[in-house]
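Everything on this sheet refers to the single structure shown next.
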Amino acid sequence: MLAVPEIKELWESVQQNKEAFKKQIDKWIKDGVAAIRDYADGKDNDFQPKQGNAVAWGIIAEAFRYGLDPTDGKQRRMATAYLLEKVSWTGMSEFKVSLTAFRTRQLCDAMTVTKDLMANLLLSAGGRSGISTGGGGSNGELTNWDGTKKKTGWGI
């Protein structure tokens with residue numbers, strides 16, 4: 001079947017998208033771990049919005065990596081534990097480690113991950129669309145990472 005040019009082209013496109021998706025997952029995890037460590041090193045009471053977003057994507061990425069469903073709270077908490085395991089706690093007090101882990105789990109529990117977002121990410125991984133870090137929806141309807149509609153539309 002790969003001798004047919006159209007099928008071969010489609011197959012290669014799918015493989016390229018899968019590779020890009022794996023790289024994106026690695027980036028989300030790396031950024032999530034860095035955001036957790038930044039929070040642990042800082043003096044804030046809670047994650048700043050940019051940090052929280054990075055941690056949320058890291059949790060989703062860990063869920064993908066381990067075949068967990070991030071729309072399910074229990075499985076999302078498992079992914080959060082995997083993400084926290086990657087953080088280097090060197091030079092941290094036990095209190096700061098506990099506080100950071102607690103805040104990360106709180107963020108996990110507050111997350112709303114929709115089935116639509118997961119479907120769009122899986123389509124991206126399978127080569128049906130491009131990789132996006134901004135959530136799902138059609139090209140005419142932009143959404144946030146949690147599936148809620150963006151208020152600014154096309155950035156206007």
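In terms of heavy-atom proximity, G58 sits nearest to L83 at C-CD2, 3.9 Å. In terms of heavy-atom proximity, A79 sits nearest to I59 at CB-O, 3.5 Å. Taking both residues in full, the closest heavy atoms of V55 and A35 are given as CG2-CB, 3.8 Å, listed atom of the first, atom of the second, then distance. Taking all atoms of both residues into account, the shortest heavy-atom contact from T90 to R37 is O-NH2, 3.1 Å.
A salt bridge between K22 and D26 is absent, with no side-chain N of the basic residue lying under 4.0 Å from a carboxylate O of the acidic one.
Remark: D69 engages K115 in a salt bridge (charged side-chain N to carboxylate O under 4.0 Å, His left out) (not counting sequence neighbours). For D46, there are no salt bridge (charged side-chain N to carboxylate O under 4.0 Å, His left out) partners two or more places apart in sequence or in a different chain. Not a single side-chain hydrogen bond (donor to acceptor under 3.5 Å, both in side chains) links R105 to another residue, sequence neighbours left out. With sequence neighbours excluded, the residues satisfying salt bridge (charged side-chain N to carboxylate O under 4.0 Å, His left out) with D31 are K27. Taking the salt bridge (charged side-chain N to carboxylate O under 4.0 Å, His left out) definition, one finds that R77 meets it with D109, sequence neighbours left out.
Around the CG atom of D44, the shell of radius 6.0 Å holds more than 12 heavy atoms that belong to other residues, nucleotides or ligands. For K86, the NZ atom is densely surrounded, since the number of other residues' heavy atoms within 6.0 Å is greater than 12.
Inter-residue side-chain proximity for V87 and V97 is flagged as unmet; no heavy-atom pair is nearer than 4.5 Å. Annotation: side chain of M78 is not in contact with side chain of Y66 (no heavy-atom distance under 4.5 Å). Here the side chains of M118 and V113 are in contact, with some heavy-atom distance below 4.5 Å. A 4.5 Å side-chain heavy-atom check between E62 and L68 finds every atom pair outside the cut-off.
Residue pairs meeting the ring-ring contact (aromatic ring centres under 6.0 Å, His included) criterion with at least one member in residues 87-119: none, sequence neighbours excluded.
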Assess the residue pair T80 and L107 against the criterion (side-chain contact (heavy atoms from CB on, under 4.5 Å)); give the C-alpha distance rounded to whole Å, side-chain angles, the decisive distance to 0.1 Å, and a yes or no.
CA-CA 10 Å; T80 301; L107 186 143; over 6 Å; no
Apply side-chain contact (heavy atoms from CB on, under 4.5 Å) to D41 and M92, showing your working.
CA-CA 8 Å; D41 287 336; M92 291 275 144; 2.6 Å; yes
Taking it one step at a time, do T71 and T114 satisfy side-chain contact (heavy atoms from CB on, under 4.5 Å)?
CA-CA 6 Å; T71 64; T114 66; 5.8 Å; no
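At least one donor-acceptor pair closer than 3.5 Å links the side chain of K96 to the backbone N or O of G42. At least one donor-acceptor pair under 3.5 Å links the side chain of Y39 to the backbone N or O of N45. Between the D72 side chain and the Q75 main chain, a donor and an acceptor come within less than 3.5 Å of each other.
How far CZ of R65 is from CD1 of I29: 3.5 Å, rounded to the nearest 0.5 Å. We find the OG1-CD1 distance between T100 and I36 to be 8.5 Å, quoted to the nearest 0.5 Å.
The aromatic rings of W28 and W57 sit parallel, their planes meeting at an angle under 30°, below the 60° perpendicular limit.
Following chains of ILVMFWY side-chain contacts shorter than 4.5 Å, one cannot reach Y82 starting from F64, and the two form parts of different hydrophobic clusters.
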